[in-house]
Amino acid sequence: MFVFGSSLVDNGNNNFLDTKSKADYLPYGIDFPNGSSGRFTNGKNVVDLLGEQLKLPSLIPPFMDPATKGSRIVEGVNHASGSAGILDDTGSVAGNATSMNQQIKNFEEVTLPDLEAQLRCKSSESLPNYIFVIGIGGNDYVFNYFLRKTFLTVGLEHFTSYLISSLSKQLENLYNLGARKFVLTTTYPIGSSPMVNLNQPNCGPCSQALNVAAAVYNIHLKSLVEDIKLRMPGSNFVVVNTYDIVKDIIDNPNSKGFSDTTNACCEVKSAEQGGTGVSCERGGQVCADRNSHVYFDGLHPSEAVNIQIATKAYASNLGSEVYPINVKQLAEL
C-alpha cells in the first residue's frame with residue numbers, strides 16, 4: 001500500500017517537518033501501541049486499520065523517517081502530510097507541509113528506485129499489485145478557499161473544478177508510474193467538526209458553507225472516477241464515501257455506540273484563545289471514554305470512527321458507502 005494525502009492518513013511524516021501541524025505529543029496516540037507517533041488521532045488512523053483488514057504484515061512507515069528505506073519499504077510507504085492539499089499553497093498556513101505534487105515527486109524520485117532495487121524488477125511490473133490510497137481535499141477548502149477568502153472572488157463550482165482537474169493530473173501521474181489500484185476518500189462533513197464552532201461560535205452559515213463545499217467536491221470526485229477510467233486503461237477505483245459514513249454517525253450516534261458528536265475529546269484552544277481550533281493542547285486534558293466521541297481533536301475523528309470507516313471501506317456492499325466496489329474486491333482484482 002502506498003499512501004498520499006493529508007493529516008487524516010499521515011502516519012508521522014510531519015514529525016520531521018518544520019510545521020505547526022504536528023501530532024507527535026500526548027494526548028495524540030494515547031491509545032496507540034507505541035504512544036504518540038504523529039497520527040492525528042488517539043489510536044490508529046484509517047490506513048492503519050485498512051492495512052489490518054488487508055492483512056499487511058506491519059504498519060506502513062512514513063516516508064520522512066530516515067529509517068524508511070531498503071527492505072522496510074517493500075510493503076509500501078506513507079507519503080501523506082498533515083495540512084497538505086491538492087493545491088501546492090494550501091499547507092503553507094501551518095508551515096512546511098508536503099503538497100500532493102511533492103508527495104508524488106518524492107515517490108517517483110526516492111521510493112521507486114529503492115523499490116526496484118529491493119524487488120529486482122521494474123516498478124511497472126510491481127506497482128499494479130499495490131493499492132494507492134489518496135485521502136486529500138478538505139484542507140483546500142478549510143485552509144485555502146475559506147480561510148484566505150478566495151470565495152469572495154472565485155465561485156465554489158469554479159474552485160472545485162480546478163481542484164478536481166489538479167487531482168486528475170496527479171492520479172494520471174501515478175498511473176503513468178505504474179499505479180493501477182486506487183482508493184480515494186471523499187471529503188468529510190468538515191462543517192460539522194468542533195473546529196467550526198470553536199473558531200466561529202454559533203455561526204450556522206459557516207458550518208453549512210463548509211459542508212456544502214465538501215458535498216460539491218464529492219459529487220465532482222465521483223464524476224472524475226467515471227471519466228478518468230477511460231483515460232487510464234486497466235485502472236480500478238474505489239471511492240470511500242467518508243462524508244456519508246461520518247454524517248450517518250453524527251445523525252444516529254447512539255445506534256453506532258457514540259454519545260458526543262460535537263466536542264473534541266482532547267483540550268483544544270480556539271483561535272481567539274491563541275490556539276488553532278484544531279490541535280490538542282500539549283499534555284492537555286483528554287476525555288475518559290474516547291470510543292464515545294466522534295472527534296478526537298477539533299477536526300480529526302477518533303479511532304472508533306476510523307474503525308467504522310475502514311471496516312466499511314473494506315467490506316461494505318452499499319453503494320452509498322463505497323463506489324463502485326469495495327477495497328476487498330479491489331485487492332482481489
Side-chain angles (χ1 to χ4, degrees), residues 1 3 5-10 39-54 80 131-139 141-142 182-196 207-208 210-225 237-265 290-331:
M1 185 193 290
V3 182
S6 62
S7 52
L8 293 161
V9 290
D10 182 353
R39 288 163 172 81
F40 290 77
T41 186
N42 56 302
K44 291 174 180 169
N45 66 18
V46 170
V47 285
D48 298 325
L49 296 157
L50 208 47
E52 286 179 5
Q53 297 270 14
L54 289 161
I131 288 175
F132 285 70
V133 178
I134 292 114
I136 203 156
N139 290 338
Y141 290 101
V142 177
F182 296 90
V183 175
L184 310 180
T185 63
T186 64
T187 295
Y188 289 51
I190 39 184
S192 304
S193 64
M195 168 195 72
V196 180
S207 175
Q208 195 178 355
L210 281 163
N211 280 347
V212 166
V216 169
Y217 173 84
N218 297 340
I219 291 166
H220 280 255
L221 184 69
K222 194 174 174 185
S223 299
L224 168 68
V225 166
F237 286 83
V238 173
V239 177
V240 183
N241 191 351
T242 46
Y243 185 100
D244 278 14
I245 294 169
V246 173
K247 191 171 185 309
D248 186 34
I249 294 170
I250 291 169
D251 291 345
N252 310 286
N254 295 342
S255 65
K256 307 282 193 300
F258 295 89
S259 59
D260 193 320
T261 63
T262 55
N263 298 299
C265 166
R290 266 98 55 194
N291 289 337
S292 69
H293 272 66
V294 173
Y295 291 96
F296 183 64
D297 65 8
L299 188 60
H300 305 99
S302 63
E303 181 187 62
V305 170
N306 290 334
I307 289 169
Q308 298 252 353
I309 295 168
T311 304
K312 289 175 186 294
Y314 184 72
S316 176
N317 291 314
L318 295 176
S320 59
E321 295 177 340
V322 286
Y323 173 85
I325 56 174
N326 60 39
V327 174
K328 183 173 186 284
Q329 291 164 326
L330 178 73

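Shown here are the side-chain hydrogen bond (donor to acceptor under 3.5 Å, both in side chains) partners of S193, two or more places apart in sequence or in another chain: there are none. Here N306 pairs with nothing under the side-chain hydrogen bond (donor to acceptor under 3.5 Å, both in side chains) rule; sequence neighbours left out. With sequence neighbours excluded, the residues forming a side-chain hydrogen bond (donor to acceptor under 3.5 Å, both in side chains) with Y141 are T160, listed by chain and number. Listed by chain and number, the residues in a ring-ring contact (aromatic ring centres under 6.0 Å, His included) with F182 are F237 (sequence neighbours excluded). Applying the side chain to side chain contact (heavy atoms under 4.5 Å, CB included) test to A331 and every residue at least two apart in sequence or in another chain returns L54, I131. With sequence neighbours left out, the side chain to side chain contact (heavy atoms under 4.5 Å, CB included) criterion links V142 to I190, M195, L210. For N218, the side-chain hydrogen bond (donor to acceptor under 3.5 Å, both in side chains) criterion is met by no residue, not counting sequence neighbours. Here D251 pairs with K247 under the salt bridge (charged side-chain N to carboxylate O under 4.0 Å, His left out) rule; sequence neighbours left out. Residues that satisfy the side chain to side chain contact (heavy atoms under 4.5 Å, CB included) test with V9, not counting sequence neighbours, are V3, V47, A80. Partners of D244 according to the salt bridge (charged side-chain N to carboxylate O under 4.0 Å, His left out) rule, which considers only residues two or more places apart in sequence or in another chain, do not exist here. Partners of K312 under the salt bridge (charged side-chain N to carboxylate O under 4.0 Å, His left out) rule, at least two apart in sequence or in another chain, are E321.
For the atom pair CD1 (I250) and OG (S192), the distance works out to 4.5 Å, reported to the nearest 0.5 Å. Of the inter-residue distances, the one linking Y243 atom OH with T186 atom OG1 reads 9.5 Å to the nearest 0.5 angstrom. With values rounded to the nearest 0.5 angstrom, T187 atom OG1 is found 10.5 Å from N241 atom CG.
Counting only heavy atoms from C-beta outward, the side chains of C265 and R290 approach each other to under 4.5 Å. Taking 4.5 Å as the limit, some side-chain heavy atom of H220 sits within range of a side-chain heavy atom of V216. At a threshold of 4.5 Å between non-hydrogen side-chain atoms, the residues I134 and V183 do not count as touching. Using a 4.5 Å heavy-atom cutoff, the side chains of V246 and V305 are in contact. In this structure, V327 and Q53 have side chains that are not in contact, with every pair of non-hydrogen atoms separated by 4.5 Å or more.
Note on D48 versus R39: salt bridge recorded, some NZ/NE/NH1/NH2 to OD/OE distance being below 4.0 Å.
Here salt bridge (charged side-chain N to carboxylate O under 4.0 Å, His left out) pairs that include residues 254-265, with residues two or more places apart or in two chains, are D248-K256.
Closest of all the heavy-atom pairs between G135 and T185 is CA-OG1, 3.3 Å.
In this structure, N291 contributes its side chain and A304 its backbone to no donor-acceptor pair below 3.5 Å.
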